[in-house]
Amino acid sequence: MNRRRKVARKSKGNVVQSSSPEVVDWNCLPDDTVIQLLSCLSYRDRASLSSTCKTWRSLGSSPCLWTSLDLRSHRFDAGMASSLAPRCVHLQKLRFRGAESADAIIHLRAKNLRELSGDYCRKISDATLSVIVARHESLESLQLGPDFCERISSDAIKAIAHCCPNLNKLRLSGIRDVNADAINTLAKHCSKLTDIGFIDCLNVDEVALGNVLSVRFLSVAGTSSMKWGVVSHLWHKIPNLIGLDVSRTDIGPSAVFRMLSLSQNLRVLIALNCPVLEEDTSFSASKYKNKLLVSLRTDVFKGLASLFFDNTKKGKNVFLDWRTSKNNDKDLNEIIPWLEWMLSHTLLRSAESPQQGLDNFWVEQGGALLLSLMQSSQEDVQERAATGLATFVVIDDENASIDCGRAEAVMRDGGIRLLLALAKSWREGLQSEAAKAIANLSVNANVAKAVAEEGGIEILAGLARSMNKLVAEEAAGGLWNLSVGEEHKGSIAEAGGIQALVDLIFKWSSSGDGVLERAAGALANLAADDKCSTEVALAGGVHALVMLARKCKFEGVQEQAARALANLAAHGDSNSNNAAVGQEAGALEALVQLTRSPHEGVRQEAAGALWNLSFDDKNREAIAASGGVQALVALAQACANASPGLQERAAGALWGLSVSEINSVAIGREGGVAPLIALARSEAEDVHETAAGALWNLAFNASNALRIVEEGGVSALVDLCSSSVSKMARFMAALALAYMFDGRMDEYAPGIPSESTSKSVSLDGARRMALKHIEAFVLMFSDPQAFAAAAASSAPAALAQVTEGARIQEAGHLRCSGAEIGRFITMLRNPSSILKACAAFALLQFTIPGGRHAMHHADLMQKLGAPRILRGAAAAATAPLEAKIFARIVLRNLEYHLIEHTV
């Protein structure tokens, strides 16, 4: 239910509480108020709101709303440009992304454009750039990067020089060759050019750069093949140079020394991540008064404070102090924005290409610098700083591994609050980068807790509803990482995160594997919680996830969708969810198909989903009807060298299907016995359990039992029974062996000689070995002292002590059919005393009070007349003591359940 706050109104000195919400007539708002409201919205929301009425449409076209445009998150082509053109007459600042957008810029007809910034520029050609600058002669700033502009050459730079005489800032990344002719043309025609950046270029003419006498700020960061001897002898003569960035180059101490000592006006030299310089531990820049060297070995914050402020301004808030101060230093007011831009660029580049030896820098200064830069007034600096935070903490992107020390350093310095504030910005570029940083940092449990405490879950849930795919994708990634923590799942649900994630899947179902994988991954984590699992189903999650499993071709999306369906089938109102997944059109067929995926993760999660779904009787048969038996047998055959997770789920899915004897026979017929025996020999405990469970079910059928013997399964089961770390695996292996040698197999194949089969396996020898190990297994749970006490007394306490020692906790989750219970009851009369004891031991496990299916098993036993047979077994003079005591305990369990049933 939505509620509005009650408002208080003044009336003749008295305050009257209004019982109804105040109604605002939006049509009566002053034009200035509407324009101010529109200015606070994203372009998409601004356009949407402007379309509500004729008046607002007119106000929405006001020139003041269209002086700046960021098109990076939109598909910007010639058609869109033409539709925007009437509003862009006064456009001064434009940000775009990619070659297609670059081609469309001229259709905006924004002749007054002053600033142009583009990224993802690899495919932008000389011709495109030349046309752009020819149509926008008023350009004062042109920035292309940080990715490499591989198809732009010096010819385009000359075109810029000829067409843009007012240019004062030119920053280009990844140019192959910036030759002397291009640079000299800039020097000749662009007399106002004060800021040049040829960043990450392969070759730049150093001599020609010395001819650009107007330049005040110069960056050749990341540029290779620089002749530093030439640089140190020429560039110190550039009369107006006050800022130089040589980061990520091979500059040495001698060149740095000459620039700092001989350049008259140089105030800042940035040389971050310069290995040759850093190797010389004797070099110090402290003797150069009023000049700042920024390197890995200098205290950047202290240097800034001493250069720009009095000694009282110290600490990590130098940039913030400058922004809030009333400083009249013209140079300083130019240096700080340039320094912020260059630092954010270099720090991001360094984070993207991690190197040895930077750990101390990142923890002690790098993280704090990025946090400080996030508070810049320059939006692109803020974005890069947030991206840098998202990147520098990552150790292994594939396995979502981060550096905990770096993550917690960000948290200690107040980074979470800063990032969440950026995430609430109306600028979508900031939203997406801040959400990405929050997502990566939240891999650390302590950071995730801080994010939740600062209201981050609500913010991310809100961003997940964004119409901007990049924003929604990063927000979904944040919810995915946060949902790992059990303590956050309920908060995500309360914030509307589940519905937002489900809606994301429908919204972007036909495009964007990134957003779909993140949304499905978050839902998979949430579905592992009973309450949240129910909410996922109610929000339409089953339909959304099945749609992904059926139609999406991206492996990451398939894997997470299958994992989510597996968790839905196992949690919440599991019976309801399990049935709902199975009943969704195409769900089971899609999961069966995914078991054939070339991607192991997809196969594993699909098999896991089918395993969980097979607990429902209708689903079990529907899976088989959809080719599940053949697919899962093929999967088991192919996963001998696969991960334990895939092996466990492949065997588990066959275990689930084999509950039905029809399916069990089909599994044997399709060749499922041999791979299950191979899996039973796995070194992984979890694989032992599922393989033993499947073989136990298969062994119920005499033909399968014979196949197990023929394929050498007796030795595998004996090994499990005697040496597996898992009690459950040992238990089920013993039961499988008991099924195989209780006489049914002999009845099935009376014509086969007892001494050999078609594979020359001795049935008698196998039987003796099996019984020996079954006996040893049962005796492991038979404490002689406790059994002696129980034999001498009929007191409940004595039997309780035996029960406690014999109990296998996990066995309470096993559910047997009437036929299986009947077989164990019959086994109580078997001539073999070992099988009698084994049968009594099994029935004890299945009827212990508190077991999940104990009441079900007790009812079956009552119907089958088990009490009479149990009494006979307990009193038989020739029966082993173990069989007698276990039979007495089972009788006591049945009496308990009978009383419980009648109460």
Side-chain angles (χ1 to χ4, degrees), residues 73 397 400 423 428 431-432 434-436 438-440 442-443 448 451 456-485 488-529 532-568 571-572 577 581 584 587 590-591 594 601-602 605-606 609:
S73 59
D397 187 43
E428 293 174 335
Q431 290 175 352
S432 64
K436 180 192 296 182
I438 294 165
N440 286 357
S442 295
V443 171
V451 169
I457 288 175
E458 291 79 4
I459 292 171
L460 290 172
L463 293 179
R465 301 183 186 96
S466 173
M467 293 299 293
N468 183 315
K469 185 171 71 174
L470 294 176
V471 174
E473 179 175 325
E474 299 302 347
L479 293 174
W480 187 3
N481 287 343
L482 283 164
S483 63
V484 171
H488 304 313
K489 291 178 180 178
S491 299
I492 292 172
E494 290 171 11
I498 288 176
Q499 189 65 62
L501 290 164
V502 171
D503 292 343
L504 264 185
I505 292 174
F506 291 118
K507 189 185 300 180
W508 305 107
S509 60
S510 60
S511 64
D513 56 315
V515 66
L516 296 176
E517 180 179 7
R518 287 163 172 78
L523 288 172
N525 286 349
L526 292 163
D529 173 84
C532 290
S533 184
T534 301
E535 291 200 32
V536 171
L538 292 173
V542 173
H543 181 61
L545 293 163
V546 168
M547 178 184 69
L548 292 182
R550 289 179 60 199
K551 298 181 179 179
C552 189
K553 302 303 179 186
F554 297 107
E555 291 171 346
V557 179
Q558 293 173 339
E559 180 177 349
Q560 297 307 322
R563 186 169 73 91
L565 291 170
N567 285 343
L568 277 172
H571 294 88
N577 282 0
V581 174
E584 185 69 31
L591 289 168
L594 290 179
V602 177
E605 299 303 342

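Applying the side chain to side chain donor-acceptor pair (under 3.5 Å) test to S442 and every residue at least two apart in sequence or in another chain returns nothing.
The NZ atom of K553 sits 14.0 Å away from atom CG of D513, with the distance rounded to the nearest 0.5 Å. Note that SG of C532 is 11.0 Å distant from CG of L568, once rounded to the nearest 0.5 Å. Considering NE2 of H543 and CG of L548, their distance stands at 10.0 Å, rounded to 0.5 Å. L565 contributes atom CG, which lies 9.5 Å from atom CD of E584 (distance to the nearest 0.5 angstrom).
For the residue pair S432 and N468, no side-chain donor N or O sits within less than 3.5 Å of a side-chain acceptor on the partner.
Between A522 and L479, the shortest heavy-atom distance links the atoms CB-C, 4.1 Å. Here the shortest heavy-atom pairing between A434 and A423 reads CB-N, 3.7 Å. The two residues A472 and W508 have their closest heavy-atom pair at CB-NE1, 4.3 Å. Pairing each heavy atom of E428 with each of S73, the nearest pair is OE1-OG, 3.4 Å. A564 and A520 make their closest contact through CB-O, 4.0 Å (heavy atoms, listed as atom of the first residue, atom of the second, distance). Here the closest non-hydrogen pair linking A439 and G477 is CB-C, 3.7 Å.
No option in Q560, E473, E555 other than Q560 meets the side chain to side chain contact (heavy atoms under 4.5 Å, CB included) test with E517.
Taking the side chain as every heavy atom from C-beta outward, H488 and I457 approach each other to under 4.5 Å. For the pair L523/I505, a side-chain contact is recorded, criterion being any heavy-atom separation below 4.5 Å from C-beta on. Residues S509 and M547 meet the side-chain proximity criterion, which asks for heavy atoms closer than 4.5 Å. Residues S533 and N577 are in side-chain contact: their nearest non-hydrogen atoms beyond the backbone lie under 4.5 Å apart.
Using a distance-only test at 3.5 Å, with no hydrogens or angles considered, no donor-acceptor pair links the side chain of R563 to the main chain of E559. Between the side chain of Q558 and the backbone N or O of C552, at least one donor-acceptor pair lies under 3.5 Å.
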Checking side-chain contact (heavy atoms from CB on, under 4.5 Å) for the pair L526/L501: CA distance, chi angles, key distance, verdict?
CA-CA 11 Å; L526 292 163; L501 290 164; 3.9 Å; yes
Using a 3.5 Å cut-off and no angle test, enumerate the donor-acceptor pairs between side-chain atoms of residues 489-500 and protein atoms at least two apart in sequence or in another chain.
| unit_1 | atom_1 | unit_2 | atom_2 | d |
| --- | --- | --- | --- | --- |
| K489 | NZ | E486 | OE2 | 2.9 |
| K489 | NZ | N525 | O | 3.0 |
| Q499 | NE2 | D503 | OD1 | 3.0 |
| Q499 | NE2 | A539 | O | 3.4 |

